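All values derive from a computational prediction rather than experimental measurement. Any value given below was found using the heavy atoms of this structure, including those in side chains, with hydrogens, waters and symmetry copies removed.
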Amino acid sequence: MSSQETPEQASLLQQASQALAQMRPTDALALIDQADALGATHNGAMNRALALRLLGRFPEAVVALDEALAFQPYDFVALLAKAAMLERLGQVGAAADLYRNALKISPPRDRCSPALLAQLDHASALVHRHAEGLRNHMQARVAALRSGLDSEILERFDEGLEIYAGLKSPPKQEPLLLNYPRLPAIPFHDRRMFPWLEELEAATSTIRAELEALLTDSFDAFAPYIAFPKGAPVNQWGELNHSRKWTSLWLWKNGEKQEAVCARCPETAALLERLPMARQSAFAPTAVFSALQPHTHIPPHTGSTNVRLLCHLPLILPGSARFRVGNTTRDWKMGKAWVFDDTIEHEAWNDADQMRVILIFDVWNPFLSEPERALVTEMMLAQREFMSGLV
């Protein structure tokens with residue numbers, strides 16, 4: 001079997017293509033038979049599949065497409081065509097699998113013709129419907145086993161079920177700076193691993209009172225959280241770059257305590273000093289009041305390193321405010337903090353009509369031991385020295 005065409009084969013197959021363009025599939029098949037008598041080719045198999053499809057001979061068209069895929073297993077057009085044939089034959093599950101594989105290798109949408117875009121959209125819709133059907137079937141099967149189970153167990157299981165069904169992708173860590181190995185990708189960590197959360201939450205009213213004083217007479221000190229220099233690529237940050245829609249006031253920044261701000265909120269600063277913030281010279285801790293204006297969306301993004309996690313404590317919640325990490329979306333609730341992995345894609349919305357403010361600070365990833373934390377810190381300092389040309 002060879003995909004190389006002799007000049008005679010090429011001429012016959014060109015004539016077959018012309019016949020197909022003129023909607024003469026029977027004539028095309030005769031020409032393809034002559035070409036195949038000289039040896040099977042990928043082009044011949046593809047033309048045969050089209051001719052058979054035009055004649056309504058779908059099972060035979062599938063066989064021809066299998067022959068084409070034997071020559072070129074990653075032929076996007078052949079995969080898409082075979083999936084369409086299987087769909088016509090009522091083999092929806094097999095069609096969905098093929099459509100899914102074809103979509104993985106499809107060309108960028110801006111390079112597709114309107115007709116191809118329509119095919120891709122149809123394929124995506126069928127794949128999604130099939131995945132929903134699978135999800136619903138699995139949900140029905142396990143329904144009786146869910147009774148009495150803890151909500152956190154069910155939340156994780158439901159996410160796993162939707163990943164298994166193909167409706168969601170598993171969360172993954174995508175640090176911008178350091179991707180440290182063998183640390184689990186957990187969107188929201190079990191609060192039982194952070195017993196100090198109760199002390200933090202109990203201080204909500206105290207922290208809020210100090211924050212409100214800052215907002216009253218020093219809100220101008222809150223600076224845009226996103227501030228790319230002129231000429232830098234802003235990517236998804238165009239709307240928020242140098243914008244007061246999302247502003248911040250730092251208590252600690254890159255490991256440096258901001259003395260003037262901490263002096264204005266001494267009880268908040270003292271509490272943070274007592275908490276196990278991540279401490280890395282020139283890197284951490286970071287602690288900041290983060291203010292998001294009404295009806296503002298922080299687009300999907302990831303943080304710098306998975307060796308530390310972030311803690312959020314809501315302080316001003318005038319209405320609905322949502323936060324997504326990976327596949328999990330939660331609403332902030334007054335008096336309730338959470339710890340999450342910001343190297344997993346996350347985004348936030350303030351859907352309310354007034355400003356939302358939270359306290360953010362970083363803590364060590366609890367899966368790192370104390371000696372390893374020291375090693376990681378020295379490694380990161382050495383990397384910065386080297387890249388800065390200091391050694």
Side-chain angles (χ1 to χ4, degrees), residues 1-134 137 164-167 169:
M1 183 171 67
S2 172
S3 61
Q4 297 298 316
E5 298 171 5
T6 67
E8 184 177 358
Q9 284 176 308
S11 175
L12 289 165
L13 292 174
Q14 184 178 13
Q15 294 176 59
S17 295
Q18 292 170 349
L20 289 169
Q22 296 166 3
M23 302 301 289
R24 296 187 289 111
T26 301
D27 293 341
L29 278 177
L31 292 163
I32 296 165
D33 285 341
Q34 293 179 54
D36 279 0
L38 302 173
T41 63
H42 175 266
N43 193 18
M46 290 296 290
N47 278 302
R48 182 178 295 279
L50 177 55
L52 292 167
R53 182 178 69 81
L54 291 174
L55 291 167
R57 294 159 58 179
F58 301 137
E60 294 172 81
V62 171
V63 173
L65 288 165
D66 282 336
E67 292 174 357
L69 288 166
F71 283 110
Q72 297 182 21
Y74 295 98
D75 184 335
F76 164 70
V77 174
L79 286 171
L80 201 62
K82 182 181 177 183
M85 290 299 94
L86 291 174
E87 184 184 358
R88 292 286 294 269
L89 291 167
Q91 299 178 36
V92 177
D97 285 341
L98 275 177
Y99 275 138
R100 189 178 294 110
N101 290 335
L103 289 168
K104 290 177 183 177
I105 59 173
S106 64
R109 290 183 66 87
D110 58 3
R111 298 182 189 176
C112 297
S113 67
L116 181 54
L117 286 175
Q119 288 180 281
L120 294 177
D121 290 342
H122 173 81
S124 296
L126 185 140
V127 167
H128 188 75
R129 288 196 305 273
H130 185 262
E132 286 182 326
L134 173 57
H137 178 73
Y164 197 23
L167 289 169
S169 298

Nearest-0.5 Å distance that lies between atom [atom1] in [X] and atom [atom2] in [Y]:
X	Y	atom1	atom2	result
H128	E132	NE2	CD	3.5 Å
L80	H122	CG	NE2	9.0 Å
L116	L120	CG	CG	4.5 Å
E5	L38	CD	CG	11.0 Å
R88	M85	CZ	CE	6.0 Å
S124	R100	OG	CZ	10.5 Å

Are the side chains of [X] and [Y] in touch, meaning some heavy atoms are under 4.5 Å apart?
X	Y	result
Q15	S11	yes
D36	E67	no
H130	Y99	no
D33	R48	yes
L65	R53	no
F58	L52	no
L79	I105	yes

| message | Within the supplied structure, the quantity of interest is the number of heavy atoms (other residues, nucleotides, ligands) at a distance under 6.0 Å from R24 CZ; does it exceed 12? | response | yes
| query | Taking everything shown except E8 itself, do over 12 heavy atoms lie less than 6.0 Å from its CD? | reply | no
Which heavy atom of [X] sits nearest a heavy atom of [Y], and at what distance?
X	Y	result
G39	Q9	O-NE2, 2.7 Å
G166	A131	C-CB, 4.3 Å
A40	F71	O-CZ, 3.5 Å
A68	A45	N-CB, 3.6 Å
L126	A95	CD2-C, 4.4 Å
A16	I32	CB-CG1, 3.8 Å

| request: Carefully, step by step, assess D121 and R109 under the rule side-chain contact (heavy atoms from CB on, under 4.5 Å). | output: CA-CA 10 Å; D121 290 342; R109 290 183 66 87; 3.0 Å; yes
| query | Within the distance-only criterion (no hydrogens, no angle test), does the side chain of S106 pair as donor or acceptor with the backbone N or O of L103 below 3.5 angstrom? | reply | yes
| task | Report yes or no: do N47 and N43 form a side-chain donor-acceptor pair below 3.5 Å? | result | yes
| request: List the steps and the verdict of salt bridge (charged side-chain N to carboxylate O under 4.0 Å, His left out) for K82 and D75. | output: CA-CA 11 Å; K82 182 181 177 183; D75 184 335; over 6 Å; no
| said: Go through it in stages, so that I can follow the logic: the residues are L55 and L29, the test is side-chain contact (heavy atoms from CB on, under 4.5 Å), and I'd like the CA-CA distance, side-chain angles, deciding distance and then a yes or no. | reply: CA-CA 10 Å; L55 291 167; L29 278 177; 3.5 Å; yes
